[in-house]
Amino acid sequence: MEPVMQKPDNGLVWAILSTVLCCLPFGIVAIIKATQVDPLWASGNSDAAYQADSDARKWSWISFGTAIGIFFIYIVAILAIIGLAAMYDLD
């Protein structure tokens, strides 16, 4: 008897959150991949459904990581501006 495989989570909620709160371009890719999971599973293509789920999670994390990176660069730039202003005493 063949083991019954469980349907993968499509990760659509995380894809939408990463699109809205993080990085729009990578989040859109995550949404596209997440919306492919259910139709692939329904058509019986379980391997492709698992791959789409994996891709959706990957792109959600890339979106999140990009947002963190941009935030870090922003903070460094602000601190550099504050440091330059203090060094040159720009009142």
Side-chain angles (χ1 to χ4, degrees):
M1 184 172 172
E2 191 173 314
V4 178
M5 294 174 42
Q6 185 177 9
K7 178 185 160 296
D9 178 29
N10 60 18
L12 187 58
V13 171
W14 293 112
I16 291 171
L17 287 174
S18 70
T19 302
V20 173
L21 301 175
C22 297
C23 183
L24 183 68
F26 298 140
I28 290 173
V29 175
I31 288 174
I32 291 169
K33 293 295 185 179
T35 58
Q36 292 174 351
V37 173
D38 291 337
L40 287 169
W41 183 262
S43 70
N45 196 348
S46 60
D47 291 337
Y50 280 108
Q51 183 62 45
D53 170 49
S54 175
D55 290 344
R57 281 187 278 121
K58 174 182 72 176
W59 284 105
S60 293
W61 278 109
I62 290 171
S63 176
F64 177 73
T66 302
I68 294 297
I70 290 171
F71 180 74
F72 178 73
I73 291 170
Y74 177 75
I75 294 298
V76 168
I78 294 296
L79 292 175
I81 290 169
I82 292 170
L84 286 172
M87 188 168 70
Y88 290 109
D89 196 28
L90 300 173
D91 289 328

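It should be emphasised that the depicted structure is a prediction, and the values quoted were computed from it without experimental measurement.
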**Student:** Quick one: does L12's side chain get under 4.5 Å of I31's, heavy atoms only?
**Tutor:** yes
**Student:** May I have the list of side-chain donor-acceptor pairs in residues 70-87 shorter than 3.5 Å, sequence neighbours left out?
**Tutor:**
none

**Student:** Suppose clustering is done on Ile, Leu, Val, Met, Phe, Trp and Tyr with side-chain heavy atoms closer than 4.5 Å. Which residues sit in the same group as I62?
**Tutor:** F26, V29, W59
**Student:** For atom CH2 of W14, is the number of surrounding heavy atoms from other residues, nucleotides or ligands below 6.0 Å larger than 12?
**Tutor:** no
**Student:** Ignoring hydrogens and geometry, is there a side-chain-to-backbone donor-acceptor pair from T19 to A15 under 3.5 Å?
**Tutor:** yes
**Student:** State the NZ-CD distance between K58 and Q51, to the nearest 0.5 angstrom.
**Tutor:** 7.5 Å
**Student:** To the nearest 0.5 Å, tell me how far N45 CG sits from Q36 CD.
**Tutor:** 11.0 Å
**Student:** Quick one: pull up CG in L24 and OG1 in T66 and give me the separation to the nearest 0.5 Å.
**Tutor:** 12.0 Å
**Student:** Between I68 and L21, is there shared hydrophobic-cluster membership here, with clusters defined by ILVMFWY side-chain heavy atoms closer than 4.5 Å?
**Tutor:** no
**Student:** Can you name the closest pair of heavy atoms from A56 and A34 and give their distance?
**Tutor:** CB-N, 3.7 Å
**Student:** Would you indicate whether the side-chain heavy atoms of R57 and D53 approach each other to under 4.5 Å?
**Tutor:** yes
**Student:** Looking only at atom types and distance, does a side-chain atom of S63 sit under 3.5 Å from a main-chain N or O of S18, one as donor and one as acceptor?
**Tutor:** yes
**Student:** How close do A49 and W41 get, heavy atom to heavy atom, and via which atoms?
**Tutor:** CB-N, 3.8 Å
**Student:** Scan for salt bridge (Lys or Arg N to Asp or Glu O under 4.0 Å) pairs involving residues 16-36, sequence neighbours excluded, and state none if there are none.
**Tutor:** K33-D55
**Student:** Measuring from Y50:OH to L40:CG, what's the distance to the nearest 0.5 Å?
**Tutor:** 12.5 Å
